[in-house]
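Here is how names work: the chains are called A, B, and so on, in the same order as the sequence lines, proteins then strands, and each is numbered from 1. Note: hydrogens, waters and symmetry copies are ignored here, and every other heavy atom, side chains too, is used. Computed from a predicted model, the values in this text were never measured in an experiment.
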Protein chains: 2
Amino acid sequence: MAGSTIYDIAKKAGVSIATVSRVMNKSEGIADKTRKKVLKVADELGYHPQAYAQGLARKKKNIIMVVVPVLSNYFFMEVLSGIQDEISNYDYDLNIFNIQNDGNNMFEQVENILKRQWADGYLFISTHLRDHQLEKLESYDVPLTLVDEDYSGIDSVSVDNQQGIQQAMQYFLAQGLRRIAMISALKSSKPGEERIEGYKKELRKADIPVDENLIVAGDSMYRDGFSEQNGYEAMLKLIDLKNPPEACFCSSDIQAVGAIKAMKERGVHIPIIGYDDITISNYIGLSTIRQPMHDMGAFATKNLVERMQNKKEGPIQKIYSPELILRSSTEIRD
Amino acid sequence: MAGSTIYDIAKKAGVSIATVSRVMNKSEGIADKTRKKVLKVADELGYHPQAYAQGLARKKKNIIMVVVPVLSNYFFMEVLSGIQDEISNYDYDLNIFNIQNDGNNMFEQVENILKRQWADGYLFISTHLRDHQLEKLESYDVPLTLVDEDYSGIDSVSVDNQQGIQQAMQYFLAQGLRRIAMISALKSSKPGEERIEGYKKELRKADIPVDENLIVAGDSMYRDGFSEQNGYEAMLKLIDLKNPPEACFCSSDIQAVGAIKAMKERGVHIPIIGYDDITISNYIGLSTIRQPMHDMGAFATKNLVERMQNKKEGPIQKIYSPELILRSSTEIRD
DNA sequence: CTGAAAGCGCTTACAG
DNA sequence: CTGAAAGCGCTTACAG
């Protein structure tokens with residue numbers, strides 16, 4: 001039952017395979033009688049054109065492929081929901097390709113996906129490639145939109161991270177807090193570097209010397225450190241400092257969740273601001289820097305579809321501004 | 001650059017396409033010199049075999065496809081991380097296909113995926129099909145493993161939901177609590193029905209009359225009701241009852257998060273137990289019924305790969321037992 | 001309105 | 001060790 005082809009249908013319906021093909025593709029100008037006959041046979045034999053044969057013959061797959069290193073992280077999930085919502089407006093199927101995030105050959109995997117021509121267009125989420133790699137991607141000349149990353153030669157949608165950090169830091173500084181810690185994740189990643197840089201920059205602007213001891217990450221590097229456990233470990237380290245911080249800025253909400261648990265266990269409380277504004281943050285009272293993740297996914301999808309339809313204009317760089325959301329985690333208690 | 005084919009390589013390297021194909025496929029018995037020449041040209045032209053052409057010619061795609069209705073939910077995310085971890089042991093690529101969850105034509109979408117022969121094997125997560133539909137799927141005779149669903153004719157991995165509900169209810173009952181509410185999600189779904197049934201059954205066993213007012217869901221049905229917002233709304237309804245409950249069992253942890261916020265806002269606190277044990281639950285002190293989501297994903301993947309390799313044994317039904325995890329949300333306060 | 005035929009870009013016996 | 005040729009299952013001008 002799983003294996004009937006266009007030939008089986010043609011034979012059983014007494015027509016040519018061209019006719020079967022036309023019927024399945026809803027082409028104009030088929031005699032009603034023929035159409036019905038073919039449809040009936042197709043239904044009986046459970047026939048549906050094979051994706052691979054069709055893709056090859058058509059040179060068009062009707063597929064948008066999302067490429068992502070870490071499937072199971074919250075940021076991705078929310079971006080994805082935006083993609084899902086938007087794509088339902090078009091006649092494209094969604095395919096997600098999960099690349100192994102083991103550093104060195106990651107770019108090779110990415111290139112192979114493009115070379116193998118899996119889809120008509122691609123959405124790269126948080127791949128965090130280096131500039132020379134992005135330059136190479138540009139030369140493939142294939143519809144591609146970057147999310148959570150930006151590069152002048154390729155369509156991209158991202159958030160101004162510096163601005164986000166600035167908002168968090170300035171909020172703390174305005175409260176008179178000076179000893180501000182930063183919980184980072186994987187420091188060697190591109191966004192990791194950028195965020196630490198932004199943190200230091202704000203301190204310098206306020207004439208506060210940078211204390212490297214206040215920049216910590218947990219030891220558990222699952223999901224590049226974007227996990228509750230990592231934040232939990234990081235906060236314990238901070239609390240155990242001889243000179244602990246008065247406030248904390250955290251690279252992600254999910255780490256902040258862990259950090260808050262650590263504080264509760266130790267009976268301390270310092271104001272903390274996360275990063276992302278995942279849905280749950282609103283429910284647990286976590287102050288955070290909001291990234292419009294859902295919108296980013298939707299915008300990227302819309303942009304990609306337009307790009308697939310006409311390739312006239314040059315690359316589009318959409319940069320969202322983040323927003324500081326204050327909730328109970330930044331209230332000063334006691 | 002994106003578009004070179006095996007013909008281009010063959011021509012430039014001065015060999016036949018058969019030879020190029022053999023080199024790309026690392027076949028034995030190619031002169032070292034030829035191999036190097038071909039590889040060099042392939043690299044220069046950025047060549048990699050097209051997935052669709054290769055899949056058609058080989059009748060094997062090296063793809064495992066995950067089919068899922070709601071991508072962005074926590075249960076799925078955790079199952080997925082198990083799938084990811086396990087699949088990295090094999091030479092299969094992972095593809096996720098997101099079907100639109102609009103009820104009636106959902107099964108049609110599922111059938112089409114199979115008919116179109118996207119992959120070598122499939123993992124269906126939480127598709128919650130009806131028995132007559134599963135029966136039909138069985139007839140496709142294609143490697144397929146169900147997750148979060150079970151059916152005698154098809155490989156499946158699931159959790160004994162009745163048992164989970166029983167554990168939660170018996171815990172409450174043992175504490176002397178009798179007025180126990182249930183926050184459900186989409187009631188018309190298969191698991192929705194089952195869980196409500198289980199809840200009622202436990203009450204009956206304890207000779208407690210079922211009060212339909214105590215079975216509530218929020219009004220927001222995004223993600224089938226498995227959202228913080230839904231739980232929040234549901235708990236408000238419960239609190240506003242003339243005769244509010246003394247304890248609450250909740251269909252998912254994520255709803256419990258919302259329910260807890262509702263309680264905080266209204267200054268009430270009743271013991272609450274969630275369902276799933278998503279990672280975050282441990283960090284916010286939520287008591288819950290643990291489903292081994294990561295293991296389920298890993299087991300299903302392993303099972304599917306074995307099924308693809310030899311089709312000897314009959315269908316395997318793996319049923320995990322859930323586990324009651326007690327944390328602070330069930331502590332009796334004041 | 002329908003069919004014969006070429007083509008999409010690969011793989012793989014079959015010869016040599 | 002390598003090539004010519006058939007085949008995978010479709011689509012789509014081109015004729016009629």
Paired stretches of DNA chain C - 3 or more consecutive Watson-Crick or G-U pairs, each distance under 3.5 Å
C:1-3 with D:14-16, C:5-12 with D:5-12, C:14-16 with D:1-3

Nucleotide of dC14(D), dT12(C), dC10(C) approaching A57(B) most closely (side-chain heavy atoms):
dC10(C)

Quick one: label Y7(B) by what it contacts on the DNA or RNA (base, sugar-phosphate, nothing), any heavy atom closer than 4.0 Å.
base

By nearest-nucleotide position on DNA chain C, the 5'-leaning member of T19(B) and Q50(B) is Q50(B)

More 5' along DNA chain D: R22(A) or L56(A), using each one's nearest nucleotide?
L56(A)

Is NZ or CZ of K136(B) both nearer than 6.0 Å to the six-membered ring centre of Y140(B) and within 45° of the ring axis?
no

Heavy-atom count check: over 12 atoms from other residues, nucleotides or ligands less than 6.0 Å from K11(B) NZ?
no

Specify the separation, in whole Å, of atom NZ of K60(A) and atom P of dG7(C).
24 Å

What contact category does A18(B) fall into here, base, sugar-phosphate, or nothing, at under 4.0 angstrom with non-hydrogen atoms?
base

Check whether the side chains of S158(B) and D148(B) place a donor and an acceptor atom closer than 3.5 Å, and report yes or no.
no

How long is the line joining CD1 of I6(B) and P of dG3(D), in whole Å?
12 Å

Under 4.0 Å, heavy atoms only, any strand: does I30(B) hit a base, just the sugar-phosphate, or nothing?
sugar-phosphate

May I ask you to say whether K12(A) pairs ionically with E44(A), meaning some side-chain N is under 4.0 Å from a carboxylate O?
yes

Can you see if the side chain of K59(B) gets near the phosphate of dT12(C) - specifically, an N or O under 4.0 Å from OP1 or OP2?
no

Specify the separation, in whole Å, of atom CG of D8(B) and atom P of dG9(C).
9 Å

Does NZ or CZ of K61(B) lie under 6.0 Å from the centre of the six-membered ring of Y52(A), at an angle within 45° of the ring axis?
yes

Give a yes/no answer on whether the side chain of Q54(B) brings an N or O atom under 4.0 Å of OP1 or OP2 in dG9(C).
no

Between T5(A) and dG9(D), is there a side-chain N or O to OP1/OP2 distance below 4.0 Å?
no

Please give, in whole Å, the distance from dC10(D) C1' to K115(B) NZ?
17 Å

Is the distance from OP1 or OP2 of dC10(D) to the nearest side-chain N or O of S21(A) less than 4.0 Å?
no

M24(A) atom CE is separated from dT12(D) atom P, nearest whole Å, by 14 Å

Distance in angstrom units between I17(B) CD1 and dG3(D) C1', rounded
10 Å

List the steps, then state whether side-chain hydrogen bond (donor to acceptor under 3.5 Å, both in side chains) holds for Y151(A) with Q317(A).
CA-CA 8 Å; Y151(A) 174 73; Q317(A) 321 294 140; over 6 Å; no

Presence of Y47(B) side-chain N/O under 4.0 Å of dC10(C) phosphate oxygens OP1/OP2
yes

Do T127(B) and E149(B) meet the criterion of a side-chain donor-acceptor pair at a distance under 3.5 Å?
yes

Test your reading of the model: is there a side-chain donor-acceptor pair from N98(A) to the backbone of L94(B), 3.5 Å cut-off?
no

To the nearest angstrom, the NZ-P distance between K61(A) and dC8(C) comes to 13 Å

OP1 or OP2 of dC1(D) under 4.0 Å from side-chain N/O of T34(B)
no

Between H48(B) (NE2) and dC10(C) (C1'), how many Å, whole number?
13 Å

Counting only side-chain heavy atoms from C-beta out, which of dG9(D), dT11(D), dT2(C) sits nearest to N25(A)?
dT11(D)

Kindly indicate whether the side chain of R58(B) and the base of dG9(C) share any N or O donor-acceptor pair separated by less than 3.5 Å?
no

